[in-house]
Amino acid sequence: MGVVVKELSLRLDQCLLRFMDELESLEEKRDSLNSLIEQGWFSISKARYSMGNKQVSALQYGSEMEPGVRVHVSPRHTGETHFHTQRTEHLKLDQSERDSAQVEDIGPKEGVRRRGVTKEGDPKEQPASHAHVSKETSPPSRGTPQQQDPLKWFGILVPQSLKQAQVCFRKVMELAAEVATLQTAVLATRAELQALMAEKHAALKQETLPSQADEQVDRQTDMGHTETRLTEDRTT
Amino acid sequence: MAGRGKLIAVIGDEDTCTGFLLGGVGELNKNRKPNFLVVEKDTSITEIEETFKSFLSRDDIGIILINQFIAEMIRHAIDAHMQSIPAVLEIPSKEHPYDASKDSILRRAKGMFSAEDFR
């Protein structure tokens, strides 16, 4: 066996081991995803039992929907695609926290507010305080419509089991992204394995062809030798 | 679009859709087109297939979650989808547990060890 074929075989083995590892972790993730979905359904059923049969159904879905989860997709050079979920509510919370932090920062700079005392020689004070008030009273501007918690579609005071179902399905979405990543990894590794296999077959063919040609040449020379011997024998 | 991230679409029975919408995947876009389909007894296979294909053609969808028993109805369409985005994930439903031997991705991976690959 040539060096090229040996190297290819080694790479094939490594690739196959990686493929098996990926399949194993895919199966594990699948199992946990399936059990989480089942937990979610169980919680929905419990909520339905306590709220009434028709209280948790498609009829209660909101008329306006804004996604609370988004998936970030990043293709990699190996052919795999990485999926990662991100809760958009977190982003909005961060934004509102930043807004509130801004208000808190602005407040102390002005110092203690004095009522009824106006400085005659300080014309800049009044417009500044006006600006401050307008900043405080103006509602926070948002580019997107305000997101409503889907729990509120089903009522104001929803049972705890419905909240548990929500938590379960949020976890399911995170797992779904991981499963999707693994699925693409499995397919990419499979394609790599097939390519390596084809490469190895080609290398093997190339190795066997010259040796066959050599054998044929050897046979022909052997035949030539025997023929000359035979003619020599006949002449003698 | 890349900065904002993509959506998760759902094709499933009522409980599956309710669960995922509760989790916050639901979106109604400007044309009031949802990113989910609640499959009921009277939903036709054509409707399911059309919705699935419309999800495939939308560039704002990253993952499509579909109940396996519904995936079985439109298996040819799922098998024909070879791109990695959007990723299609088959999930169990209340009445039908997940069967790995029916999963498109795992069947493709299993095909790795068929006799044709070793020729």
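The chains referred to below are lettered A, B, ... by the order of the sequence lines, with proteins before strands, and numbering in each begins at 1.
Using a 4.5 Å cut-off between heavy atoms, N29(B) does not touch chain A at all. Both the backbone and the side chain of V25(B) come within contact range of chain A, with heavy atoms under 4.5 Å apart. The contact between I37(A) and chain B is made entirely by side chain atoms (from C-beta outward), counting heavy-atom distances below 4.5 Å. Of the atoms belonging to S45(A), it is side-chain heavy atoms, and not backbone ones, that fall under 4.5 Å from chain B.
Between the side chains of T16(B) and D13(B), a donor-acceptor pair is found at a separation under 3.5 Å.
Residue-level contacts of residues 39-48 of chain B with chain A do not occur; threshold 4.5 Å between heavy atoms. Identified by a heavy-atom distance below 4.5 Å to chain A, the contributing residues of residues 61-74 of chain B are G62(B), I63(B), L65(B), in residue-number order. Residues of residues 87-98 of chain B lying under 4.5 angstrom from chain A, judged on non-hydrogen atoms, are A87(B), V88(B), L89(B), E90(B), I91(B), P92(B), S93(B), K94(B), Y98(B) by number.
Interatomic distance, Q83(B) CD to L187(A) CG, rounded to the nearest 0.5 Å: 12.0 Å. If you take CE on M173(A) and SG on C168(A), they are separated by 11.0 Å, rounding to the nearest 0.5 Å. Distance CG/L22(B) to CZ/R170(A): 8.0 Å, rounded to 0.5 Å. Here the straight-line distance linking atom OG1 of T189(A) with atom CG of L17(A) works out to 11.5 Å at 0.5 Å rounding.
Looking at heavy atoms from C-beta onward, Q194(A) lies in side-chain contact with R190(A) at the 4.5 angstrom threshold. In this structure, the side chains of E64(A) and L28(B) stay at 4.5 Å or more apart for every pair of heavy atoms. When side chains are defined from C-beta on, M51(A) counts as touching P159(A), because their heavy atoms get closer than 4.5 Å. Inter-residue side-chain proximity for K171(A) and V167(A) is flagged as met; some heavy-atom pair is nearer than 4.5 Å. Within the 4.5 Å cutoff, the side chain of Q164(A) has no heavy atoms near those of the Q39(A) side chain.
Per-residue heavy-atom pair counts under 4.5 Å with chain B were compared for A176(A), A188(A), A177(A), and the maximum is reached by A176(A). Interface summary for chain B: among E38(A), E80(A), E27(A), R48(A), the most heavy-atom pairs under 4.5 angstrom belong to R48(A). Chain A forms the most heavy-atom pairs under 4.5 Å with one residue out of V38(B), N35(B), I8(B), and that residue is I8(B). Here S63(A) is the residue among P75(A), A165(A), S63(A) with the most heavy-atom pairs under 4.5 Å with chain B.
Considering every non-hydrogen atom in both V172(A) and L33(A), the closest pair reads O-CD1, 3.8 Å. What you find for W153(A) and Q60(A) is that their closest heavy atoms are CB-O, 3.2 Å. Heavy atoms only, all atoms of each residue included: P86(B) and H81(B) are closest at O-NE2, 2.8 Å. Taking all atoms of both residues into account, the shortest heavy-atom contact from F52(B) to I78(B) is CZ-CG1, 3.7 Å. Between E14(B) and A58(A) the shortest heavy-atom distance is OE2-N, 2.8 Å. Considering every non-hydrogen atom in both P67(A) and E27(B), the closest pair reads CD-CG, 3.4 Å.
Annotation: side chain to side chain donor-acceptor pair (under 3.5 Å) contacts of T81(A) (sequence neighbours excluded): S84(B).
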